[in-house]
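Below is one structure, written out as structure tokens; comments come after it.
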Amino acid sequence: VCVPDGVDDVLVRSRLLDKSNIDIAGGLGRLKGRIWRIGLMGSGSTQENVLLLINALHEAMAAQGYQCPKGFEAAEAVYDAHSAVTA
């Protein structure tokens, strides 16, 4: 995930860990400070965990004054649409 311009990578990751107990990794090498590495795979990639992460990221970036659309509703709509198709 690309870190938006104007957002402090370390502050976001620290807030996620302190406030939500979510630990994501920063970029390495030339990508340091430019990306986040998020490990939501397998049994950890539940709808609840994905929505929790999206909401926590939104709040952490908003705390730095970064204004972005709230992705929680968009992600929830994707889950709802997928559930309707598979039901």
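Both backbone and side-chain heavy atoms feed into the values below; hydrogens, waters and symmetry mates do not.
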Handout entry: Atom pair CG/CD1 of Asn49 and Ile22 - distance to nearest 0.5 Å
Key = 8.0 Å
Handout entry: Exceeds 12 heavy-atom contacts within 6.0 angstrom, atom CG of Asp5
Key = no
Exercise for the section: Report whether Met61 and Leu17 are members of the same hydrophobic cluster (ILVMFWY, side-chain heavy atoms less than 4.5 Å apart, transitive linking). Expected result: no
Exercise for the section: Give the C-alpha distance, both sets of side-chain angles, the deciding distance and a yes or no for side-chain contact (heavy atoms from CB on, under 4.5 Å) between Tyr66 and Val12. Expected result: CA-CA 11 Å; Tyr66 184 79; Val12 167; over 6 Å; no
Exercise for the section: State plainly whether one hydrophobic cluster holds both Val78 and Leu51, where clusters connect Ile, Leu, Val, Met, Phe, Trp and Tyr through side-chain heavy atoms under 4.5 angstrom apart. Expected result: no
Exercise for the section: Starting from the C-alpha separation in whole Å, work towards a yes-or-no answer on side-chain contact (heavy atoms from CB on, under 4.5 Å) for Arg37 and Leu28. Expected result: CA-CA 9 Å; Arg37 295 177 297 137; Leu28 302 171; 3.9 Å; yes
Practice task
Please report the shortest heavy-atom distance between Leu16 and Ala60, naming the atom on each side.
Solution key: CD2-CB, 4.4 Å
Completion exercise
Distance col, row Ser45:OG vs Leu53:CG, nearest 0.5 angstrom, shows 11.5 Å
Practice task
Measure from the side-chain N and O atoms of Gln64 to the backbone N and O of Asp8, and report whether any donor-acceptor pair falls under 3.5 Å.
Solution key: yes
Practice task
First locate atom CG of Asp9, then atom CD1 of Ile24, and finally report the distance between them rounded to the nearest 0.5 Å.
Solution key: 7.5 Å
Problem - Smallest separation among heavy atoms of Glu59 and Arg15, with atom names - result: O-NE, 3.9 Å
Practice task
Please report the shortest heavy-atom distance between Tyr79 and Thr46, naming the atom on each side.
Solution key: OH-O, 4.2 Å
Fill in the blank from the handout: Looking only at heavy atoms, the pair that brings Trp36 and Cys2 closest together is CZ3-O, 4.3 Å
Practice task
Decide whether Ile54 and Ile38 are clustered together by the hydrophobic rule: side chain heavy atoms of Ile, Leu, Val, Met, Phe, Trp, Tyr closer than 4.5 Å, transitively.
Solution key: yes
